[in-house]
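Below is one structure, written out as structure tokens; comments come after it.
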Amino acid sequence: MSGWLSSTWPWYVAGPIIGLFVPALLLIGNKVFGISGNLSHICAAVLPRKPDFLRYNWREVGLWNLVFLAGVLIGGFLAAHIGQPHDVAISPATQAALTHLGVHDLSGVAPREIFSWSALLTLRGFISIVIGGFLVGFGTAYAGGCTSGHAISGLANFQLPSLIAVIGFFAGGLAATYFILPYVIGGR
């Protein structure tokens, strides 16, 4: 059993499980899957003086989602500290491109040369972590949800705004990969 839990599941197992999770949430509890909505639930729970849009019963609306978020965080922590280390499978062409840009340590989940506390003090680390994080947060707020909410729940519900958002996510990712990343990481 532990080998099954600690190994990577194939896409044809994990994909349908995630895909069936969305309609199950809708059928059982009329809930929509997503992560970014938790920020408003946390603010509604802890802010002493709230703006009007945060004055709602966060326990009734979002407690289940906060518990889900806690499970994601705990599961990630346990996987990182108890589970066996797994390197991300990167194609040889991508490895060569990243090496050409100056990223040499491709072990782990994210390159430590860019995503670490010490890298935060470098220009490329600051841009990647702080500016990139701000842009992701702004994009999530502007798009009305995160990638999981739009791509999994929104598309499963045939929502046109989610389709537009997902197309925007992919277009933005491609543009960043080919036009922005070489300048940020490679220092061109």
Side-chain angles (χ1 to χ4, degrees), residues 1-22 24-25 28-29 31-47 54 58-91 94-95 98 103-122 124-141 143-154 156 166 169 173 176-177 181 184-185:
M1 178 80 160
S2 66
W4 178 73
L5 289 175
S6 64
S7 64
T8 303
W9 294 0
W11 64 267
Y12 52 83
V13 173
I17 289 173
I18 294 170
L20 293 172
F21 188 70
V22 172
L25 276 173
I28 294 170
K31 309 284 187 206
V32 178
F33 176 75
I35 294 294
S36 61
N38 283 314
L39 183 58
S40 62
H41 301 322
I42 292 169
C43 290
V46 300
L47 289 179
L54 289 176
W58 63 269
R59 286 183 184 94
E60 183 180 313
V61 174
L63 183 60
W64 74 273
N65 209 357
L66 288 169
V67 171
F68 178 78
L69 175 64
V72 168
L73 295 173
I74 292 168
F77 178 83
L78 291 175
H81 291 85
I82 296 174
Q84 300 171 358
H86 294 286
D87 288 338
V88 177
I90 302 174
S91 74
T94 303
Q95 289 179 7
L98 288 171
V103 179
H104 303 290
D105 181 10
L106 300 175
S107 63
V109 178
R112 288 182 191 89
E113 296 165 322
I114 301 168
F115 300 102
S116 66
W117 288 109
S118 61
L120 185 60
L121 301 175
T122 66
R124 74 178 181 176
F126 182 82
I127 291 172
S128 298
I129 297 171
V130 177
I131 305 296
F134 173 78
L135 290 173
V136 166
F138 176 79
T140 299
C146 59
T147 53
S148 62
H150 279 299
I152 298 171
S153 294
V166 169
F169 296 150
T177 299
L181 194 65
V184 172
I185 292 179

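Numbers here are sequence positions counted from 1.
The CG atom of L20 sits 11.5 Å away from atom CG of L25, with the distance rounded to the nearest 0.5 Å. Distance check: W11 CH2 to I18 CD1 gives 13.0 Å after rounding to the nearest 0.5 Å. Residue L98 holds its CG atom at 6.5 Å from CD1 of I90, rounded to the nearest 0.5 Å. How far CD1 of I28 is from CZ of F21: 9.0 Å, rounded to the nearest 0.5 Å. Between the CG atom of D105 and the CD1 atom of I114 there is a distance of 10.5 Å, given to the nearest 0.5 Å. Here the CG-CG distance, from L69 to L73, works out to 4.5 Å after rounding to the nearest 0.5 Å.
Of the possible polar contacts, none joining the H150 side chain to the F169 backbone as a donor-acceptor pair under 3.5 Å is found.
When all heavy atoms of V184 and S128 are compared, the pair lying nearest together is CG1-OG, 3.8 Å. Shortest non-hydrogen contact noted between K31 and E60 is NZ-O, 4.0 Å. Of all the heavy atoms in A151 and V166, the pair that sits closest is CA-CG2, 3.6 Å. Taking every heavy atom of both residues into account, E113 and R124 meet most closely at CB-NH2, 3.7 Å. Considering every non-hydrogen atom in both S36 and C146, the closest pair reads OG-N, 3.3 Å. In this structure, N38 and G62 approach most closely via the heavy-atom pair OD1-O, 4.4 Å.
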Audit row: L121, F126, side chain to side chain contact (heavy atoms under 4.5 Å, CB included) steps and yes/no: CA-CA 6 Å; L121 301 175; F126 182 82; over 6 Å; no
Please test R112 against S107 for side-chain hydrogen bond (donor to acceptor under 3.5 Å, both in side chains), starting from the C-alpha separation and ending with a verdict. CA-CA 8 Å; R112 288 182 191 89; S107 63; 3.1 Å; yes
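A tilted orientation is assigned to the rings of F68 and W64, their planes being inclined by 30° to 60°.
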